[in-house]
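Below, all heavy atoms of this structure are taken into account, side chains as well, without hydrogens, waters or symmetry copies. Throughout, numbering of the chain's residues begins at 1 and tracks the sequence. Order of listing sets the numbers, starting from 1, for every ligand and every atom in it.
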Amino acid sequence: ALSGNRNWAPMWREPQPKPHYDVIIVGGGGHGLSTAYYLAKEFGITNVAVIEKGYLGGGNVGRNTTIIRSNYMLEGNEPFYELSMKLWEGLEQDFNYNAMVSQRGIVNLFHTDGQRDAYARRGNAMMMHGVAAELLDREQVRSMMPYLNFNHARFPILGGLLQKRGGTARHDAVAWGYGRGADERGVDLIQHCEVTGIRRDELGQVTGVETTKGFIGCNKLALATAGHTSVTGKMAGLDLPIETHVLQAFVSEGIKPVIDNVITYGAGHFYISQSDKGGLVFGADIDYYSSYAQRGNLATVEHTIEEGVSLIPGLSRVRVLRAWGGAMDMSMDGSPIIDRTPIDNLYLNCGWCYGGFKATPASGFCFAHLIAKNEAHPVARLLRLDRFERGFAVDEGGKGPQPN
Ligand code: FAD
């Protein structure tokens, strides 16, 4: 910085694409980059390119509200998200980069007796998978978060489900750490290169991708394009169970430390935490129409702020600094897909809905396992593409107790 930022070494190379790779990953978001990193590190597969139409980390990985947690209930989800949490816990040492992983605890508030039962059940399911959870009563929540609305709330707070190991991480740094780690191991990170088509031979096998930098061949093609999965899937003739919607997020002006956990509001759908810079980071529902736009509708802004103020009345005194949107790959049961496709050498990673940031480490780890070995990692074995036609949905509403 003393040299006017002139002498900093680049974080990764800017290679020209080679004519052919063993593996091409489309999408330089969190999942594409972590997949490349684990392919190289865990499986020794380094003749790999990540092809990104914009810049690395410019998609959802750099636009989310950074919540990480493993408080899921179903067999198809909980072991997968717990693997992710364990990887988060060692991630900064592993890729030697400060991702500001902060296990500040997440509290999912409940507001009815029925909701308390559902959260108790979820907590029990977590504990049966060896994951700690605590059910807090109203007074325990009040002592932790006295600024919540305990007085005249339309939906009084009755308690909360606490996962102490949940928290937040610095989203851009996650992309940068994985990207740098993959580059150091020989992976080519090719930015500003859009995949415009998928070329297949007469047997239907993928031979490579058409891009804005020309044709690039590969033995295996892996799609990790999140909100654009239906578009890239269609390039290979796949009609996927994914709908794309905008999800908006907001950050306030910086204020003194007040919120030291992640909180989710169970009477509506609102979640909030405070960044290390002091901004309150929050969000709510998706915009309910399909769109690939990365900015949303004002009605959702109003809805989000209304929910926030009903939970934290003092929020009405804080000014919003920025808002943004991301294109979400909503699957039909709310759970992700990490699977092979009907095309032998085409692999699919999508369906992350509101919650793919927390999955970034396990998603990359399991997708790399699938690509390298042609078989599902044990914790991802239920996240199959054909589960919808077979009637084996992993129907957790994309959520856990809350969607993010
Ligand atoms: P992305 O970063 O979107 O990566 C996909 C990449 O593919 C993009 O960079 C895109 O440019 C590229 N691409 C697409 N098409 C092509 C093409 N044809 N050629 C080349 N490249 C292409 N999750 C949580 O767990 N916790 C949260 O708190 C949370 N909050 C969220 C809040 C918001 C506002 C949003 C938008 C998302 C949130 N999420 C959260 C979800 C999470 O961010 C996503 O599920 C996750 O980031 C998706 O995976 P990704 O990082 O690989 O996606």
With heavy atoms of Thr232 as the reference, note each atom of ligand 1 found under 4.0 Å away. 18 (N)

Under 3.5 Å, is there a donor-acceptor pair between the Asn219 and Asn345 side chains? no

Side-chain H-bond candidate by donor/acceptor type, Asp188 with Tyr21, under 3.5 Å: yes

In terms of atom number and element, which parts of ligand 1 are under 4.0 angstrom from non-hydrogen atoms of Ile51? 20 (C), 21 (N)

With sequence neighbours excluded, what pairs up with Ser363 under the side-chain hydrogen bond (donor to acceptor under 3.5 Å, both in side chains) test? His31, Asn349

Best match, Val50, Thr360, Asn60, Leu223: closest heavy atom to atom 43 (O) of ligand 1: Asn60

Hey, does Gly355 sit under 4.0 Å from ligand 1 if you only count heavy atoms? yes

Look at the rings of Tyr72 and Tyr81 and say which category their plane angle falls in: under 30° parallel, 30 to 60° tilted, over 60° perpendicular. parallel

What part of Ala327, side chain from CB on, backbone N/CA/C/O, both or neither, has a heavy atom under 4.0 Å from ligand 1? neither

We want to know whether Gln205 and Arg200 form a side-chain donor-acceptor pair, criterion being a heavy-atom distance below 3.5 angstrom. no

Would you mind telling me if ligand 1 is within reach of the side chain of Ala175, the backbone, both or neither, using heavy atoms under 4.0 Å? neither

Please check if any side-chain donor atom of His269 sits under 3.5 Å from a side-chain acceptor atom of Asp285, or the reverse. yes

Only pairs at least two apart or in different chains count here, so list each side-chain hydrogen bond (donor to acceptor under 3.5 Å, both in side chains) that has a residue in residues 315-330. Glu253-Arg319

Side chains of Tyr38 and Tyr178: any donor to acceptor distance under 3.5 Å? yes

For ligand 1, note which part of Glu52 has a heavy atom under 4.0 Å away: side chain, backbone, both or neither. both

Do Thr300 and Asp287 meet the criterion of a side-chain donor-acceptor pair at a distance under 3.5 Å? yes

Run the numbers for me: atoms of ligand 1, each under 4.0 Å from some heavy atom of Lys358, listed by number. 24 (C), 25 (O), 26 (N)

Sub-4.0 Å atoms of ligand 1 with respect to non-hydrogen atoms of Ala249: 34 (C)

Could you check whether any heavy atom of Ala224 sits closer than 4.0 Å to an atom of ligand 1, since that is the contact criterion I want to use? yes

Which option wins on minimum heavy-atom distance to atom 50 (P) of ligand 1: Cys350, Ser84, Gly30? Gly30

Heavy-atom distances under 4.0 Å are what count here, so tell me which part of Gln248 touches ligand 1: side chain, backbone, both or neither. backbone

Pick whichever of Phe357, Trp324, Phe282 has a heavy atom sitting closest to atom 42 (C) of ligand 1. Phe357

Per-atom contacts, ligand 1 versus Gly27 - under 4.0 Å to a heavy atom: 6 (C), 7 (O), 12 (C)

Side chain, backbone, both or neither: which part of Tyr354 has a heavy atom under 4.0 Å from ligand 1? backbone

Please work out which of Thr65, Ile25, Ile198, Thr211 has its closest non-hydrogen atom nearest to atom 28 (O) of ligand 1. Thr65

Quick one: do the Glu396 and Asn77 side chains pair a donor with an acceptor below 3.5 Å? yes

Tell me which part of Val26 gets within contact of ligand 1: side chain, backbone, both or neither, using heavy atoms under 4.0 Å. side chain

Check: of Met328, Lys53, His31, His228, min heavy-atom distance to atom 22 (C) of ligand 1 comes from Lys53

When you compare the side chains of Glu89 and Gln103, does any donor N or O come within less than 3.5 Å of an acceptor on the partner? yes

